[in-house]
Amino acid sequence: MAEITTLREAIAGLVRDGDVVAMEGFTHLIPFAAGHEVLRQQRRNLTLVRMTPDVIYDQLIGAGCAKKLIFSWGGNPGVGSLHRLRDAVEHDWPAPLEIQEHGHGDLANAYVAGASNLPFAVLRAYAGSDLPKHNDKIKFIQCPFTGESLAAVPSIRPDVTVIHAQKSDRKGNILLWGILGVQKEAVLAAKRAIVTVEEIVDELNAWPNACILPHWTISAVCRVPGGGFPSYAHGYYERDNRFYQAWDAVARDRDTFQKWIKAHILDTDNFEEFRQVLAESVSQET
Amino acid sequence: MAEITTLREAIAGLVRDGDVVAMEGFTHLIPFAAGHEVLRQQRRNLTLVRMTPDVIYDQLIGAGCAKKLIFSWGGNPGVGSLHRLRDAVEHDWPAPLEIQEHGHGDLANAYVAGASNLPFAVLRAYAGSDLPKHNDKIKFIQCPFTGESLAAVPSIRPDVTVIHAQKSDRKGNILLWGILGVQKEAVLAAKRAIVTVEEIVDELNAWPNACILPHWTISAVCRVPGGGFPSYAHGYYERDNRFYQAWDAVARDRDTFQKWIKAHILDTDNFEEFRQVLAESVSQET
Amino acid sequence: MTPSAYTTNEIMTIAAARLLKNGAVCFVGIGLPSTAANLARLTHAPDIVLIYESGPIGAKPSILPLSIGDGNLAETADTVVSTPEIFRYWLQGGRVDVGFLSAAQIDRFANINTTVIGDYKKPGTRLPGAGGAPEIASCAGQVVLVLKQSARGFVKKLDFVTSVGHLDGGDARRRLNLPGKGPVAVVTDLCLMEPDPATKELTVTQLHPGISAEQIRKATEWEIRFAPELKETLLPTKTELEILRDLERRTRLAHGNLTAA
Amino acid sequence: MTPSAYTTNEIMTIAAARLLKNGAVCFVGIGLPSTAANLARLTHAPDIVLIYESGPIGAKPSILPLSIGDGNLAETADTVVSTPEIFRYWLQGGRVDVGFLSAAQIDRFANINTTVIGDYKKPGTRLPGAGGAPEIASCAGQVVLVLKQSARGFVKKLDFVTSVGHLDGGDARRRLNLPGKGPVAVVTDLCLMEPDPATKELTVTQLHPGISAEQIRKATEWEIRFAPELKETLLPTKTELEILRDLERRTRLAHGNLTAA
């Protein structure tokens with residue numbers, strides 16, 4: 001049953017050291033505010049799951065929150081590398097990062113299997129690929145009817161899934177639209193779920209067959225306008241491509257990164273204050 | 001690529017004797033007009049697939065179109081038995097009917113597997129049930145990661161799927177809403193697909209994430225207003241519960257049934273004429 | 001209120017409705033279960049969440065659906081998803097607290113038959129079949145069954161096990177690794193039965209007012225067990241009866257005097 | 001138009017775009033493939049169907065997406081489905097005619113590496129990883145690759161096979177029961193290569209204007225084969241160049257001078 005609460009309380013109560021945490025959002029609706037709060041509260045030893053780690057996981061990995069990453073594409077979309085992810089994988093900085101690597105179709109299927117309470121998913125992939133050689137979570141099974149060989153991967157069942165959505169009503173029913181990604185599956189696969197939303201309204205006024213997560217599938221709902229920044233929220237604001245590009249220079253250097261994290265996240269109280277500090281530092285640069 | 005054509009031509013060209021045919025629609029949007037046209041054109045030796053055979057398959061079975069039925073619940077919803085289905089199973093009339101019987105979750109998963117081009121689906125079901133004893137298409141497999149036993153069923157890949165939907169645009173893109181059933185999966189699992197629609201419009205004006213079947217997944221689109229009668233089309237007309245109740249008496253007796261089929265379907269030219277003849281026979285009764 | 005002031009159908013429906021807790025997520029079969037679940041929603045359990053296998057989640061029908069996919073279910077639901085999703089993410093996914101079912105035949109371990117009376121290959125009476133029941137019986141957190149009691153329905157041995165209750169009793173469900181707890185109650189027009197905590201054999205724990213143990217014995221093919229201390233079902237309240245009758249009246253009007261089977 | 005009147009990037013994009021037939025259903029990777037696919041849509045293939053792995057089906061973006069899930073893709077699409085559905089029903093389901101990909105490294109059989117340069121455990125350069133490429137490479141009806149040619153990218157042996165082309169050649173794909181035909185063309189800034197019908201080894205079949213065989217040999221680590229009769233890529237037409245430049249101009253304006261990587 002969804003509790004409508006502050007983001008600080010939600011993260012404090014529901015994200016624990018050592019948890020398997022999935023923050024999802026496929027370019028759209030990436031839960032940056034929630035990710036920052038996890039970083040601000042300095043969670044440790046997390047196993048982070050995400051199809052596209054993006055800048056949000058670059059920040060968490062660089063800040064030393066993660067011991068393991070389960071992913072399928074780790075880049076800064078439209079810009080280049082995630083330097084903190086690379087530094088962790090290539091040079092164990094700030095700590096060794098175990099990686100478990102899949103393809104998108106595989107991880108998407110693994111979330112579906114998790115949401116479906118199945119222990120594994122079956123898909124056509126990986127014949128001839130080197131990925132199974134480096135990931136013992138990819139196996140091959142035979143169809144009991146045709147004998148065909150198919151890939152099998154274990155389902156993903158996060159301890160907690162965190163997503164950002166457009167709207168909630170006052171009961172905590174969640175409505176999202178546009179690029180849906182794997183958010184619904186990630187929530188339904190998880191033991192606990194936190195959703196930040198752009199706004200909380202009296203009535204969702206949803207259209208037929210809208211993508212809705214009922215309040216009883218959600219642990220906590222937090223109103224955080226702009227909580228998807230610098231990604232975007234369809235119908236609310238666009239992606240801040242400049243932030244993504246600027247991140248490249250911030251993340252490239254360990255020292256620059258650490259100062260940025262301290263000033264923008266550790267030394268701020270919440271996402272609103274982060275936005276203010278960021279606005280100040282951007283205006284100083286230009 | 002969708003051809004916009006008449007129902008008669010679509011059935012003539014796309015449904016062949018001996019085909020595996022799925023006509024889907026879960027109470028809602030049952031493709032009665034298309035089913036009648038298959039009956040009118042006297043297709044034979046069909047393997048009929050449908051989660052809920054309903055009155056539409058009672059008619060086809062009683063008229064001798066089917067050699068096999070793959071299904072999961074064969075009743076007249078809210079009324080009782082499907083007498084023609086029962087007569088075929090219990091007394092081989094008008095011909096023996098092979099049945100392959102599943103549960104709803106199983107068949108729904110089997111369509112999903114078909115749409116996903118997988119040879120089989122995995123689900124949690126049937127442990128302890130007698131169904132696998134009488135259906136060799138239900139097997140059990142072990143999870144390669146946990147060792148758990150799970151049910152496996154072959155995917156459904158119809159030669160042709162037939163559905164009814166609310167709208168098409170002039171290219172043949174299909175929009176449906178309300179109770180969606182397994183129609184999308186049934187179409188995507190099939191080699192060919194026929195869709196009858198309430199209306200063909202210039203613009204679908206679909207809402208975000210609407211259930212749309214693009215024209216390039218459809219073989220033929222036919223405008224048949226009321227083509228879901230006596231089931232319903234959300235936003236167009238309601239279910240004709242009286243027809244469903246009246247069907248019980250028609251189907252109970254072989255002779256009555258055969259006369260009804262001759263007068264209402266075989267001797268009519270199309271669905272519009274069927275509706276006229278039906279209206280006349282109903283008004284005579286009351 | 002006296003026993004003669006309500007029908008046996010009514011007390012069955014009301015007793016079943018009372019078992020549903022407010023806020024519970026219920027996967028509802030058509031007919032008696034749907035009537036009882038909606039009665040619960042309109043009385044003590046306004047926040048109950050009704051899921052129908054056709055796709056509606058959080059349906060709040062103003063009239064009783066005649067079929068499992070009536071338009072009124074879609075119109076009043078929080079959302080409507082595809083049938084595969086209902087079975088995959090919601091039922092098998094473990095999101096359903098209570099599966100609410102009926103049956104043609106039931107045995108002492110609450111296994112149910114909705115497939116065939118007689119031999120499968122040479123059926124005496126062919127019944128509609130499984131529907132969603134095998135998956136509900138496997139995966140719902142718990143199952144409540146509601147059906148009229150008769151010696152033809154409450155049988156020593158099922159002709160066909162369509163959907164599992166407690167199999168041959170004891171910890172059989174756990175041994176088969178079934179996700180849900182299985183049947184926790186069977187409500188009939190005569191009484192309420194619950195599985196024995198150890199053997200899982202159905203045991204009458206509560207009689208409807210005016211019903212004798214003898215009536216129940218006659219309406220059960222196997223030698224039915226009774227709890228040492230039998231409770232009596234509370235009489236239907238005026239509110240319960242009014243709301244139930246009003247619901248059925250609205251339904252009859254809307255469906256043209258048809259009633260849900 | 002002379003070779004100096006367009007850039008090598010432009011002719012690569014234009015040559016790739018020309019390979020896409022009108023009406024084809026294309027599963028489009030971000031960057032070069034997306035640019036080429038949209039150029040095709042805006043020139044000779046107005047009815048091409050663009051699917052992006054984030055969920056849009058039939059996207060008709062007015063500017064080039066910077067990321068795989070830009071809002072403009074959703075706004076202009078015929079519909080947007082979930083990412084699992086894209087991979088399950090549409091790509092794996094066999095509904096995609098052409099998978100349009102780029103790569104960091106490629107070998108003579110058009111196998112591709114987007115994972116790592118150097119050892120997997122001790123990477124020299126860690127690349128972004130697989131994304132949707134393994135599934136596209138397996139399941140799309142055919143695959144077209146577009147990437148700049150260099151000896152570092154066109155290597156004798158891949159450090160890591162992320163997504164399969166023709167494996168070790170011949171009928172290897174068929175032996176592994178891969179649903180799609182695999183790569184049918186590789187378009188670079190220098191030339192067009194196609195797999196030999198029998199061996200499946202990439203063979204240069206077409207040179208871009210002004211490009212010599214020697215330039216291609218230098219930009220290929222393995223001993224690259226040439227078809228006996230080499231064609232020359234038709235010069236970009238004025239319309240092609242205008243539309244491509246206009247698209248990139250609109251994109252730069254909208255994205256604040258950023259360009260898709």
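Note that the structure is a prediction, hence the values are computed from the model and not measured. By convention in this document, chain letters (A, B, ...) are assigned in the order of the sequence lines, proteins followed by strands, and residues within each chain are numbered from 1.
- Note: D:Ser54 leads D:Ala77, D:Pro179, D:Ser54, D:Pro56 in heavy-atom pairs under 4.5 Å with chain A.
- Taking NE2 of A:His104 as the reference point, atom CD1 of D:Ile136 lies at 8.5 Å (rounded to 0.5 Å).
- The part of A:Phe71 that comes within reach of chain D is its side chain, from C-beta onward, which places non-hydrogen atoms under 4.5 angstrom from that chain.
- Contact check for A:Leu107 versus D:Phe87: no side-chain heavy atoms found under the 4.5 Å cut-off.
- A:Ser129 contributes a side-chain N or O that, together with a main-chain N or O of D:Thr162, makes up a donor-acceptor pair within less than 3.5 Å.
- The side-chain heavy atoms of D:Ser138 and A:Arg124, taken from C-beta on, include no pair separated by under 4.5 Å.
- Between the side chain of D:Tyr120 and the backbone N or O of A:His134, no donor-acceptor pair lies under 3.5 Å.
- To the nearest 0.5 Å, the span separating CD on D:Glu75 from NE2 on A:His234 amounts to 4.0 Å.
- Of the atoms belonging to A:Glu185, it is side-chain heavy atoms, and not backbone ones, that fall under 4.5 Å from chain D.
- The two residues D:Ser67 and A:Thr27 make their nearest non-hydrogen contact at OG-CG2, 2.5 Å.
- Note: D:Asn113 CG to A:Asp130 CG = 8.5 Å, rounded to the nearest 0.5 Å.
- In this structure, the side chain of D:Gln92 does not engage the main chain of A:Leu123 through any donor-acceptor pair within 3.5 Å.
- Scanning all heavy atoms of the two residues, the minimum distance from A:Gly178 to D:Val80 falls at O-CG1, 3.3 Å.
- In this structure, chain D has heavy atoms under 4.5 Å from both the backbone and the side chain of A:Val89.
- In this structure, no portion of A:His91 lies under 4.5 Å from any heavy atom of chain D.
- No other option in A:Ala125, A:Gly128, A:Ala233 has as many heavy-atom pairs under 4.5 Å with chain D as A:Gly128.
- Using a 4.5 Å cut-off between heavy atoms, D:Ile68 touches chain A through backbone and side chain atoms alike.
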